[in-house]
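Just so we're clear, the structure is a prediction, and the values are computed from it rather than from any experiment. Order of the sequence lines sets the chain letters (A, B, ...), proteins ahead of strands, with each chain counted from 1.
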2 protein chains.
Amino acid sequence: MKTTVASSGLPADVYSAKCPTRQVLDHIAGKWTVLIVDSLLDGTLRYTELFRRIEGVSQKMLTQTLRLLEADGFVTRTVHPTVPPRVEYGLTELGRSLAGPISALREWTEAHINDIEQARSARPADQRATP
Amino acid sequence: MKTTVASSGLPADVYSAKCPTRQVLDHIAGKWTVLIVDSLLDGTLRYTELFRRIEGVSQKMLTQTLRLLEADGFVTRTVHPTVPPRVEYGLTELGRSLAGPISALREWTEAHINDIEQARSARPADQRATP
DNA sequence: CAGTATCCGCGACGATACTG
DNA sequence: CAGTATCGTCGCGGATACTG
């Protein structure tokens, strides 16, 4: 099924540099995006919970990526006006739909890591076709 | 199913900063990776064919990403010693296995672009929980 | 054709400090 | 707790030119 982009009337095509799908792919394909969306699949999490769960992320990148995901309509941000403040992040319906492919990518990586490490160590010479 | 990383004996976990799966995720989650792997799903392509198909990629990034995918064992590079040279890129078995989740991501993006653009324009105010 | 090689700007990203 | 704000760097990535 081919989708037509409503705003432009052109077909959706990530191979086209000008197609808005390309920019969305850039967002989705970020490493922090994968880890955040996958984290929220099991339920909402607070800012600090995300921060601790995703090792190596800086506050800046976590906040930045969350804002981006919010703007794209993947993530909800709920502020509880308590003191101290409590902010819950969760997935929208659209976000849950995205979480399928995203989690598949994480699972694939964890499942095939040994194949990959083996390929890296057993670096073969260039294959040369015999004419 | 939980995978154990052979080289370290630790469980595979992309949330751990030191786990090799994290680095692999970084490679896989690159935008050019998605477009290249998805392109090769239908069969081998020559360098120039990839270059023309993936709008906006520079020679440098195309070559660099191809080398990375080759080192990780996802892509084969076959040089035909003709003149002019002919270099064919294809997927390994591991690469074809990766192409499933990757293509799902591309398809999801193209299918949901209108939902996303709608979410972007209809930027709602912060949801505030009523205490 | 299928790449290297080189230069370089600029934004991604991390570290640190501060705040409602 | 959940962020901003600010600064500094580092390497991503584009542009251009050259080669087997």
Practice problem: For DNA chain D, write out the stems as range with range, using runs of 3 or more consecutive Watson-Crick or G-U pairs with both distances under 3.5 Å. | Solution: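 Only these stems qualify: C:1-20 with D:1-20.
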
If a pair satisfies salt bridge (Lys or Arg N to Asp or Glu O under 4.0 Å) and one of its residues is in [range], list it, with sequence neighbours excluded.
range                      : answer
residues 10-25 of chain B  : A:Glu55-B:Lys18
residues 87-104 of chain B : B:Arg86-B:Glu88
residues 36-51 of chain B  : B:Asp38-B:Arg106

Sequence neighbours left out, what passes ring-ring contact (aromatic ring centres under 6.0 Å, His included) with B:Trp108? Give chain and number order.
->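 Listed in chain order: A:Phe74, B:His112.
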
Of all nucleotides in DNA chain C that come within under 4.0 Å of a heavy atom of chain A, which is furthest toward the 5' end and which toward the 3' end?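 So the outermost contacting nucleotides come out as C:dC13 to C:dG20.
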
Restricting to salt bridge (charged side-chain N to carboxylate O under 4.0 Å, His left out), what partner residues turn up for B:Arg67, sequence neighbours left out?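 Salt bridge (charged side-chain N to carboxylate O under 4.0 Å, His left out) check on B:Arg67 returns nothing, list empty.
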
Of all residues at least two apart in sequence or in a different chain, which pass the side-chain contact (heavy atoms from CB on, under 4.5 Å) check with A:Ser39?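 Result, side-chain contact (heavy atoms from CB on, under 4.5 Å) vs A:Ser39: A:Leu45, A:Leu50, A:Arg53, A:Ile54, B:Tyr15.
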
- Could you check A:Pro85 against A:Gln59 and say which one's nearest nucleotide on DNA chain C is further toward the 5' end?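 Nearest-nucleotide comparison on DNA chain C picks A:Gln59.
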
I'd like a table of donor-acceptor pairs (distance under 3.5 Å, sequence neighbours excluded) in which one partner is a side-chain atom from residues 28-35 of chain A, with atom names and distances.
residue: A:Thr33; atom: OG1; partner: A:His27; partner atom: O; Å: 2.9

Subject >> Test item: B:Ser103 side-chain N/O and B:Gly100 main-chain N/O as donor-acceptor pair under 3.5 Å >> reply: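 Looks like no, no N/O pair under 3.5 Å.
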
Nearest-0.5 Å distance, CZ of residue B:Arg120 to OG of residue A:Ser7: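 If we round to the nearest 0.5 Å, B:Arg120:CZ and A:Ser7:OG are 9.5 Å apart.
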
(message) Rounded at 0.5 Å granularity, tell me how far CD in B:Gln23 sits from CG in B:Asp72.
(response)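 Nearest 0.5 Å value for the CD-CG distance: 7.5 Å.
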
Original post:
Does any residue of residues 46-57 of chain A have a heavy atom under 4.0 Å from DNA chain D, and if so, which ones, in number order?
Top reply: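 Output list: A:Arg46, A:Tyr47, A:Thr48.
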
Could you list the protein-to-nucleotides 10-13 of chain D atom pairs, N/O on both sides, closer than 3.5 Å?
residue: D:dG13; atom: N7; partner: B:Lys60; partner atom: NZ; Å: 2.6
residue: D:dG13; atom: O6; partner: B:Lys60; partner atom: NZ; Å: 3.0

**Study point:** Counterpart residues, side chain to side chain donor-acceptor pair (under 3.5 Å), relative to B:Thr63 (two or more places apart)
**Key:**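 With sequence neighbours excluded, B:Thr63 shows a side chain to side chain donor-acceptor pair (under 3.5 Å) to B:Tyr47, given in chain and number order.
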
Go through it in stages, so that I can follow the logic: the residues are B:Thr44 and B:Tyr89, the test is side-chain contact (heavy atoms from CB on, under 4.5 Å), and I'd like the CA-CA distance, side-chain angles, deciding distance and then a yes or no. CA-CA 5 Å; B:Thr44 67; B:Tyr89 291 94; over 6 Å; no

